[in-house]
Protein chains: 2
Amino acid sequence: MATIYQVSERAGVSLATVSRVMNGNAKVSETTRNKVLAAMAELNYRPNSIAQSLASNCSNSVGMLVSEVHGPFFGEMMSGVENELRTAGKHVIIAAGHSDEASEKEAIEFLISRKCDALILHVDAVTDQYLIDLNERTPVVIINRTIPGLEDHCICLNNELGGYQATKALLDMNHRQIAYISGPLWKHDARERFEGHKRALSEFGLPLDEALCVQGDFHEEGGARAMETLLASAKPFTAVACANDEMACGAMNCARDHKLDIPADVSVMGFDNVIMSRYTFPHLTTIDYPAGEMGRMAACWVRRQIYQDKQVKVRQLFEPSLVLRDSVRQL
Amino acid sequence: MATIYQVSERAGVSLATVSRVMNGNAKVSETTRNKVLAAMAELNYRPNSIAQSLASNCSNSVGMLVSEVHGPFFGEMMSGVENELRTAGKHVIIAAGHSDEASEKEAIEFLISRKCDALILHVDAVTDQYLIDLNERTPVVIINRTIPGLEDHCICLNNELGGYQATKALLDMNHRQIAYISGPLWKHDARERFEGHKRALSEFGLPLDEALCVQGDFHEEGGARAMETLLASAKPFTAVACANDEMACGAMNCARDHKLDIPADVSVMGFDNVIMSRYTFPHLTTIDYPAGEMGRMAACWVRRQIYQDKQVKVRQLFEPSLVLRDSVRQL
DNA sequence: TTGAAAGCGCTACCAG
DNA sequence: CTGGTAGCGCTTTCAA
């Protein structure tokens with residue numbers, strides 16, 4: 001592997017000059033630059049990015065922490081990040097936090113030890129204060145969470161609005177007895193979506209019926225269990241809004257096990273619009289969460305703020321939107 | 001940020017000694033080691049991994065190339081890799097190849113420029129020879145493909161067997177008119193699965209009916225289109241085996257659009273057992289592909305061969321297995 | 001067991 | 001516009 005030194009020798013210039021043509025910032029005469037370029041080509045020279053990082057104190061890598069590496073939701077998000085960052089010549093190091101405070105912190109330390117220039121985080125368990133302190137050590141951009149005092153580092157979806165849209169859609173279709181399967185309420189997004197549900201209800205002058213609200217876990221099994229609870233309670237309902245698509249799938253399966261037809265007997269509303277929601281039967285009516293685009297925006301934020309690429313524009317706030325399919329019917 | 005130099009000063013030892021206690025290979029007296037450890041703790045010292053990499057010529061990072069970052073299949077695989085490697089203190093850099101030769105090569109060059117110690121590849125488009133040459137530059141481990149001459153670098157599923165198992169299961173349930181929706185036949189795994197299908201057929205003394213075989217694209221839409229073609233051809237069939245779950249979903253949706261009941265009118269068999277297959281209706285009968293475990297094994301291979309961790313055991317060959325659910329019925 | 005010192009390959013500052 | 005050179009923070013001989 002050729003080094004910058006050999007290139008400089010071959011081109012008959014100094015090592016510094018080679019560095020200049022590589023980085024293209026300082027002025028180099030056309031002739032010199034051509035000599036260098038030729039030497040590089042002849043030697044098939046590739047700069048050593050580790051050495052560059054050490055010397056420049058910039059690793060050109062950004063860390064990304066997601067709850068789980070698998071799962072359609074995070075896949076879209078990582079995909080957006082990877083795409084955007086690689087075109088900028090940066091690389092992304094991924095790690096999983098598993099929605100657990102200790103794991104999340106450990107993963108973050110790991111990423112920091114790798115000298116990431118910035119961290120893109122989708123975290124549930126760590127506190128706001130921790131993130132604020134963390135940002136003093138390494139720049140962070142946070143997806144799906146608003147941190148007071150760090151607002152300009154957050155890429156958010158209006159979860160409350162999404163929750164509202166979901167239930168509003170049900171209400172507009174004349175459902176009045178609407179059950180709700182929430183996510184774990186210690187998670188911000190789960191709480192916000194639930195708030196939206198309540199707002200829609202109250203807008204229609206309906207009280208929140210505690211008996212029709214059950215907490216799930218954002219997973220299929222939890223959705224199924226929640227539906228089981230709902231069905232067992234004997235409280236009638238014509239529709240159930242779920243805080244994410246996975247739980248909606250679980251709920252649909254459970255309902256079917258109880259010989260209920262969807263949407264004839266019960267309408268089901270999801271949230272996230274993960275790819276899977278198009279595969280279910282019936283196709284899931286849900287709220288679109290532009291995860292890929294939000295991941296891309298997090299990457300753009302990094303390009304702009306950290307790598308000083310002022311060309312790229314960043315959008316921080318995203319709006320959810322209703323996706324009508326077949327799992328909800330008009331009453 | 002404290003450097004090794006400051007630690008050595010504070011501990012009253014040489015810089016080399018600090019390095020020794022960090023790496024724990026050379027002998028250091030108990031007292032000296034404790035002094036150093038104390039100094040490290042007081043200064044909250046973290047080694048600079050970039051400098052370590054430059055000096056040791058080992059980046060402690062491994063590149064991973066998948067076809068798509070999103071998608072349940074690769075998610076499982078990356079998840080397995082990430083888990084295993086992070087516990088070993090290595091980090092994984094991900095990139096997407098999009099099943100396109102130019103993109104795959106570009107992504108590989110990108111990973112190499114990042115000085116990855118090894119590359120874990122799930123590639124479709126590049127040639128065997130390219131991979132053999134590549135391995136001379138950087139050690140590679142290849143998932144889901146057998147490269148002659150590089151067998152010990154391959155982590156494989158017996159795709160042919162899977163294809164056989166799928167069709168065999170259908171035959172065992174007395175299906176005799178079995179359609180087949182293959183993947184793109186330029187892809188190795190698609191071809192192997194198709195071979196398995198043919199073997200099962202011939203084992204039952206059945207000829208391959210070309211009119212019942214259509215090539216898909218491994219995506220939902222392709223599966224739906226293929227089913228459309230099959231239905232239009234007016235050739236009767238009681239079951240369709242699909243080369244992956246996504247196409248099976250597409251096929252099921254298409255069949256349903258044609259007012260066909262699954263499995264009453266037509267049985268559908270998938271392949272991969274991605275998470276989604278549990279969410280479909282009816283639940284998809286499929287062939288399990290242990291993608292997560294195979295990813296983990298690729299990581300183990302790297303730990304063992306590259307990082308010399310002879311503790312970890314590597315398994316290179318995996319067998320698919322039938323997962324019976326509801327989309328196939330006994331005739 | 002410990003220390004001194006020579007790099008690893010590159011950037012960036014200072015002169016000229 | 002170009003060259004010289006001092007690091008970046010660590011690993012790894014070589015001697016002691």
Q: Residues of residues 27-37 of chain A with any non-hydrogen atom less than 4.0 angstrom from an atom of DNA chain D: list those, numerically ordered, please.
A: A:Lys27, A:Val28, A:Ser29, A:Thr32
Q) Among pairs that include at least one residue of residues 44-68 of chain A, which meet salt bridge (Lys or Arg N to Asp or Glu O under 4.0 Å), considering only residues two or more places apart or in two chains? A) none
Side-chain donor-acceptor pairs under 3.5 Å in residues 8-18 of chain B, sequence neighbours left out?
unit_1: B:Ser8; atom_1: OG; unit_2: B:Tyr5; atom_2: O; d: 2.7
unit_1: B:Arg10; atom_1: NE; unit_2: B:Glu42; atom_2: OE1; d: 2.5
unit_1: B:Arg10; atom_1: NH2; unit_2: B:Glu42; atom_2: OE1; d: 2.7
unit_1: B:Ser14; atom_1: OG; unit_2: B:Ala16; atom_2: N; d: 3.2
unit_1: B:Ser14; atom_1: OG; unit_2: B:Thr17; atom_2: N; d: 3.3
unit_1: B:Ser14; atom_1: OG; unit_2: B:Thr17; atom_2: OG1; d: 3.3

**Q.** Sequence neighbours excluded - salt bridge (Lys or Arg N to Asp or Glu O under 4.0 Å) pairs with any residue from residues 289-302 of chain B
**A.** B:Glu84-B:Arg296, B:Glu293-B:Arg296
**Q.** Residues, nucleotides or ligands: over 12 heavy atoms within 6.0 Å of A:Asn34 CG
**A.** yes
Q: Return yes when atom NZ of A:Lys310 has more than 12 non-hydrogen atoms of other residues, nucleotides or ligands closer than 6.0 Å, and no otherwise.
A: yes
(Q) Give me each pair satisfying salt bridge (Lys or Arg N to Asp or Glu O under 4.0 Å) with a member in residues 128-148 of chain B, each pair once, sequence neighbours excluded. (A) B:Glu109-B:Arg137, B:Asp128-B:Arg145
**Q.** Plane angle bin for A:His153 and A:Trp301 - parallel if under 30°, tilted between 30 and 60°, otherwise perpendicular
**A.** tilted
Q: Kindly write out the residues that satisfy side-chain contact (heavy atoms from CB on, under 4.5 Å) with B:Ser61, not counting sequence neighbours, or none if the list is empty.
A: B:Ser59, B:His91, B:Ile93, B:Cys116
Q.
Output one letter per nucleotide in nucleotides 8-16 of chain D: B when a protein non-hydrogen atom lies under 4.0 Å from the base, S when only the sugar-phosphate is that close, - when neither is.
A. BBBBBB---
Q: Compute the bend angle of the helix from C:dT1-D:dA16 to C:dG16-D:dC1 from the end axes (five pairs per end), rounded to 10°.
A: 30°
(Q) Going by ring-ring contact (aromatic ring centres under 6.0 Å, His included), name the residues that satisfy it together with B:Phe218, two or more places apart in sequence or in a different chain. (A) none
Q.
Other residues, nucleotides and ligands only: do more than 12 of their heavy atoms fall within 6.0 Å of CG on B:Asn57?
A. no
Q | Which residues share a side-chain contact (heavy atoms from CB on, under 4.5 Å) with A:Ala51, sequence neighbours left out | A | A:Asn48, B:Leu54
Q: Please collect all salt bridge (Lys or Arg N to Asp or Glu O under 4.0 Å) contacts where either partner lies in residues 114-127 of chain B, sequence neighbours excluded, each pair once.
A: B:Asp124-B:Lys187
Q | Heavy-atom contact window of chain A on DNA chain C, given 5' to 3' at under 4.0 Å | A | C:dG9 to C:dC13
